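The block underneath contains the structure these notes are about, expressed in structure tokens.
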Amino acid sequence: GNSVTQMEGPVTLSEEAFLTINCTYTATGYPSLFWYVQYPGEGLQLLLKATKADDKGSNKGFEATYRKETTSFHLEKGSVQVSDSAVYFCALWTYGGATNKLIFGTGTLLAVQP
Amino acid sequence: EPEVTQTPSHQVTQMGQEVILRCVPISNHLYFYWYRQILGQKVEFLVSFYNNEISEKSEIFDDQFSVERPDGSNFTLKIRSTKLEDSAMYFCASAGYSGANVLTFGAGSRLTVL
């Protein structure tokens with residue numbers, strides 16, 4: 001079935017460090033891929049998305065490239081800030097069946113220290 | 001910016017009690033979802049709802065669960081007789097149309113069953 005696997009957290013970085021959070025997926029067909037972010041005490045917010053192979057999603061300095069050959073959608077940011085501390089969820093959008101829905105990974109907690 | 005509103009933010013209940021979690025989706029959205037996240041685990045799909053009926057439900061969504069859109073603005077999740085394992089964060093989400101593939105999530109309702 002369709003699934004998402006992302007790296008275990010927590011990830012602890014110093015401010016201005018480079019961030020990578022790995023995400024791989026298993027899916028039939030051509031899913032759309034997403035990164036959602038959850039700041040403390042808030043809901044899930046869409047961070048970026050990519051809808052087809054080789055697309056790059058980007059937002060707020062974060063980016064991720066849809067790699068069909070490696071079934072990956074790794075999240076990167078060149079220089080993290082304390083305000084980036086949050087839980088990051090990789091997700092895929094599945095088509096088919098009675099409805100469409102998002103399937104999430106387990107989430108990765110990022111803690112950025114000043 | 002339009003948002004999805006969930007109440008209560010936190011509810012504590014005794015095992016066996018009925019719980020109703022409420023959501024106000026974005027006003028012109030047509031597709032509604034409930035997800036849950038048990039602490040430290042994946043965000044899991046529970047149910048999707050369109051045109052006043054369930055479109056799809058997961059195996060988690062057993063006879064103890066029900067959803068309703070009673071008045072055209074609220075979207076509720078009822079758990080008839082709560083169990084300890086129902087303790088989780090419950091997220092409501094909505095989308096404008098089925099092909100939108102972007103869900104807007106609420107901040108979540110944390111349910112603690114004692």
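These numbers come from a predicted model, not from an experiment. Convention: sequence-line order gives letters A, B, ...; per-chain numbering from 1.
For B:Lys83, the NZ atom sits in a packed shell: over 12 heavy atoms of surrounding residues, nucleotides or ligands are nearer than 6.0 Å. More than 12 heavy atoms of other residues, nucleotides or ligands sit less than 6.0 Å from atom CD of B:Glu85. Other residues, nucleotides and ligands contribute at most 12 non-hydrogen atoms within 6.0 Å of the CZ atom of B:Arg22. At most 12 non-hydrogen atoms from other residues, nucleotides or ligands lie less than 6.0 angstrom from OH of A:Tyr30. The local environment of CG in B:Leu114 is crowded, with over 12 non-hydrogen atoms from other residues, nucleotides or ligands closer than 6.0 Å. Heavy-atom contacts from other residues, nucleotides or ligands closer than 6.0 Å to CD of A:Glu15 number more than 12. In A:Glu69, the CD atom is crowded: over 12 heavy atoms of neighbouring residues, nucleotides or ligands sit closer than 6.0 Å.
Using a 4.5 Å cut-off between heavy atoms, A:Val4 contacts chain B through its backbone alone, with no side-chain atom that close. Contact of B:Glu44 with chain A is not made at all, since no heavy-atom distance falls under 4.5 Å. Within the 4.5 angstrom heavy-atom criterion, no atom of B:Tyr50 approaches chain A. Using a 4.5 Å cut-off between heavy atoms, A:Leu46 touches chain B through its side chain atoms alone. Neither the backbone nor the side chain of A:Gln45 comes within less than 4.5 Å of any heavy atom in chain B.
Nearest heavy atoms, A:Thr106 versus B:Lys42: CG2-CG, 3.3 Å.
In terms of heavy-atom pairs under 4.5 Å with chain A, the best-connected choice from B:Thr104, B:Ile54, B:Val43 is B:Val43.
A distance of 4.5 Å separates CG of A:Leu102 from OH of B:Tyr35, quoted to the nearest 0.5 Å.
Considering only heavy atoms from C-beta on, B:Val102 stays 4.5 Å or farther from A:Trp93 through its side chain.
Taking the six-membered ring for Trp, A:Phe104 and B:Phe105 have ring centres closer than 6.0 Å.
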